[in-house]
Amino acid sequence: MSLSKQHELHTRRYSRNVGVGLVLVGVIAIVFGLTVVKVTRGDYEPASTQTVTQ
Amino acid sequence: MTDTSINTQAHSHDTEAQFSDYFALLKPRVMTLVVFTAFVGLLAAPTPVHPFIGFCAILFIAIGGGASGALNMWWDADIDAVMKRTQRRPIPAGKVTGDEAFAIGIALSAFSVVFLGLASNWVAAGLLAFTIFFYVVIYTMWLKRWTPQNIVIGGAAGAFPPMIGWAVATGGISVESVLMFCLTFMWTPPHFWALALFMRKDYDNADVPMLTVTHGRRSTRIHILVYTVLLAVLAIGAGFTSIGGPIYLTVAVVLNVLFLRGAVQIWKRDEDMSEEDNFLVERKFFKLSLLYLFAHFGAILVEAGFDKFGVWA
């Protein structure tokens, strides 16, 4: 039988799926943000470069 | 897609877990204390932190605290089912299985520690890992069901967040961060013993060796008074160190006088008096204890802000 009408279980699981989706988007945003901050601050530059720039 | 693809066997409609049930595993109310005290530790530190790194660090500390909460619920599911206060938690309510809670707890613990290390430094990450270990293994698995001192020693787990926040900024441990640790550490026993006095049947039924069960309720009242006196000395004494100042001292004196008054009232009362007004004094003391901690850390935060803007200079 095909589901022409949304089952109540689907509605319940939809909220869970949205939650997981938002968490994943949040993780991506955090990793991206941290990378931008760390790279622009020069955290990943080789020690010799840091000495020169200082 | 057909009906057969819907798994209706595992959970009935009423017990199917929502996203909020998984979130409840992280003990969000405890998390607010963790977030706030870690935030104060971070801002009270003399070293500035990039706002985004600071935000992420607090988030990872909160996730680590939440992960230890999930592992605590996994281990304590049997006693949570017996105690009225905890019966509606996701595992005893049948919404989340113990295995799910364990998996979430372990995964989030690893995630929070590794990400805190990468975002800030490994001293802070090490402290977070130790906090999770202390809360789950030392407190939950070992002390809680073994000794009436469970709350005293176990309270250390809840006291670490300001130290972690401080370590995020400075990369180390110092007298100031240890003082913030001591404040929460000494506050925990009177806070929980007051709760144990008016939630009396809960701990009896669950066979948890709370002081009220092992040493009696009279002894618990005496213990609350003794710890409150020690806490007052520490809290007011901290006002004369570098984390204190005029605002902190004012807050500390006012709140410690109120807290001591409450402890003396609890000490003077017997069970008949408490039964008569349904533990009104004990309940008030418990509520005041929540304000007590938030106000002390709030005052440390204000002092740190004034220091940075040179108000006292």
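Letters A, B, ... are given to chains in the order of the sequence lines, protein chains preceding strands, and every chain is numbered from 1.
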Tabulate, in ascending numerical order, the residues of [range] having at least one heavy atom closer than 4.5 Å to a heavy atom of chain A, or enter 'none'.
{"range": "residues 32-48 of chain B", "answer": "none"}
{"range": "residues 55-69 of chain B", "answer": "Cys56(B), Leu59(B), Phe60(B)"}
{"range": "residues 159-176 of chain B", "answer": "none"}

Inset, instruction - Before giving the answer on side-chain contact (heavy atoms from CB on, under 4.5 Å), spell out for Val20(A) and Tyr22(B) the whole-Å C-alpha distance, their side-chain angles and the decisive distance to 0.1 Å. - result: CA-CA 10 Å; Val20(A) 173; Tyr22(B) 292 107; over 6 Å; no
Legend entry - Criterion side-chain contact (heavy atoms from CB on, under 4.5 Å) on Arg41(A) and His50(B), from CA distance to verdict: CA-CA 10 Å; Arg41(A) 284 198 324 180; His50(B) 188 286; 4.1 Å; yes
Report all side-chain donor-acceptor pairs from residues 26-38 of chain A shorter than 3.5 Å, counting only partners two or more places apart or in another chain.
residue, atom, partner, partner atom, Å
Thr35(A), OG1, Val31(A), O, 2.5
Lys38(A), NZ, Leu118(B), O, 3.1
Lys38(A), NZ, Ala119(B), O, 3.0

Inset, instruction - Measure distances from Phe23(B) to the heavy atoms of chain A and classify the residue's part below 4.5 Å as side chain, backbone, both or neither. - result: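 Interface part for Phe23(B): neither.
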